[in-house]
J.: 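I am attaching a structure below and will ask some questions about it afterwards.
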Number of protein chains: 2
Amino acid sequence: MNLVFKALADPTRRRILELLREREMTAGELAEHFSLAKPTLSGHFAVLREADLVEAEKHGTSITYRLKLSVLEEALLALAGVMGIGLAEKGTDGKKGKGHAT
Amino acid sequence: MNLVFKALADPTRRRILELLREREMTAGELAEHFSLAKPTLSGHFAVLREADLVEAEKHGTSITYRLKLSVLEEALLALAGVMGIGLAEKGTDGKKGKGHAT
DNA sequence: ACTATATTTCGGTATTTGGCAAAATAGCGA
DNA sequence: TCGCTATTTTGCCAAATACCGAAATATAGT
């Protein structure tokens, strides 16, 4: 949980997660959304991976990143719980168009 | 919101918020719960104040800190919203004894 | 005015972080 | 094997962070 909140502390990383919510993307595709150098983004991916917020899958020469929504959700619920905020799952509605899930 | 998540990134600060959930406390009382120097804690208080997660009130020579639960709650809901996590308010159950609020 | 108490501000240090360019790695097709 | 593409790793730097002890500030009591 500590790693998750550390990861969430950076706006770029939150934006990455937000992009991944819509659909999984390769490192390159993600990079197109930012004006940061590839190595910089790669560093952010590493942080997100260590926090277990995303998973990476290799396809040929590219790497596809996918959001692990449940991990994020649990961290948020855990914090809410410990802080005494009454948050309840409402049903992960979800993506834009293409239904699907884990 | 950025400041809130930056503030939440540190375990000590999360613990401070957690302590303040139970009851408001002075800087000194809070400090007793940690093995950190006063100035260090004071720095953490400042971060929490800047994030608007706590409010400080001066009584005599001491300063009482109080958690601003709603700010934390809104930040969590905002993130959950943008990430497409279905979290709903369940009703801030609340403190131990003394009810009250802003 | 002086003293004691509570807390913050001030300097300083060590570690972490976020950024980059250049080099290394890995897979693919010729 | 060579070259091309995608991504990460390495090495570096500047800025931010977390910590501390000492000094400054503010308030209350005498």
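Chain letters run A, B, ... following the sequence lines, proteins first and then strands; every chain starts at 1. In this text, all values refer to a predicted model and were calculated from it rather than measured experimentally.
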J.: One thing to verify: whether A:Glu18 and A:Arg15 come together as a salt bridge, which I'm taking to mean a side-chain N less than 4.0 angstrom from a carboxylate O.
T.: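 Answer for the salt bridge query: yes.
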J.: Enter the inter-axis angle for the ends of the helix from C:dA1-D:dT30 to C:dA30-D:dT1 (five pairs per end, rounded to 10°).
T.: 10°
J.: Of the options D:dT9, D:dA28, D:dC20, whose atoms approach the side-chain atoms of B:Thr61 most closely?
T.: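 Looking only at side-chain atoms, B:Thr61 lies closest to D:dA28.
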J.: Compare the minimum distances between each of C:dT7, C:dG27, D:dC20 and the side chain of A:Lys58, then state the nucleotide with the smallest one.
T.: C:dG27
J.: With sugar-phosphate meaning primed atoms plus P, OP1 and OP2, does A:Leu36 contact a base, only sugar-phosphate, or nothing at under 4.0 Å between heavy atoms?
T.: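 The residue A:Leu36 makes sugar-phosphate contact but no base contact.
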J.: With A:Leu48 as reference, evaluate A:Leu3, A:Leu17, A:Leu8 under the side chain to side chain contact (heavy atoms under 4.5 Å, CB included) test and give the passing residue.
T.: A:Leu17
J.: Would you tell me if any nitrogen or oxygen in the side chain of B:Tyr65 comes within less than 4.0 Å of OP1 or OP2 on C:dA6?
T.: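 So the side-chain polar atoms of B:Tyr65 never come under 4.0 Å of the phosphate oxygens OP1 or OP2 of C:dA6.
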J.: Mapping A:Asp10 and B:Lys38 to their closest nucleotides on DNA chain C, which lands nearer the 5' end?
T.: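 This one resolves to B:Lys38.
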J.: Which nucleotide sits closest to the side chain of B:Thr12: D:dC19, D:dT8, C:dA21?
T.: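 So the nucleotide nearest the side chain must be D:dC19.
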J.: Closest to the A:Thr40 side chain: D:dT9, C:dG19, D:dC19?
T.: C:dG19
J.: Among C:dT9, C:dA21, D:dT7, which nucleotide sits nearest the side chain of A:Ala27?
T.: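 The listed nucleotide nearest to A:Ala27's side chain is D:dT7.
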J.: Going by side chain to side chain donor-acceptor pair (under 3.5 Å), A:Tyr65 matches just one of A:Glu24, A:Glu29, A:Arg49. Which one?
T.: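 That would be A:Arg49.
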J.: Can you figure out which of D:dC20, C:dG19, C:dT17 approaches the side chain of A:Lys6 most closely?
T.: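 Closest nucleotide among those given: C:dT17.
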J.: On DNA chain C, does the nearest nucleotide to B:Ser62 precede the nearest nucleotide to A:Arg13 from the 5' side, or the other way round? Give the residue.
T.: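 Its nearest nucleotide being more 5', the pick is B:Ser62.
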J.: Distance-only, no hydrogens or angles: does the B:Arg13 side chain make a donor-acceptor pair with backbone N or O of B:Lys6 under 3.5 Å?
T.: yes
J.: Could you please name the option among C:dT8, D:dT8, C:dC20 that lies closest to any side-chain atom of A:Phe45?
T.: D:dT8
J.: Consider the side chain of A:His44, meaning its heavy atoms from C-beta on, and name the nucleotide among C:dG19, C:dC20, D:dT7 that approaches it most closely.
T.: C:dG19
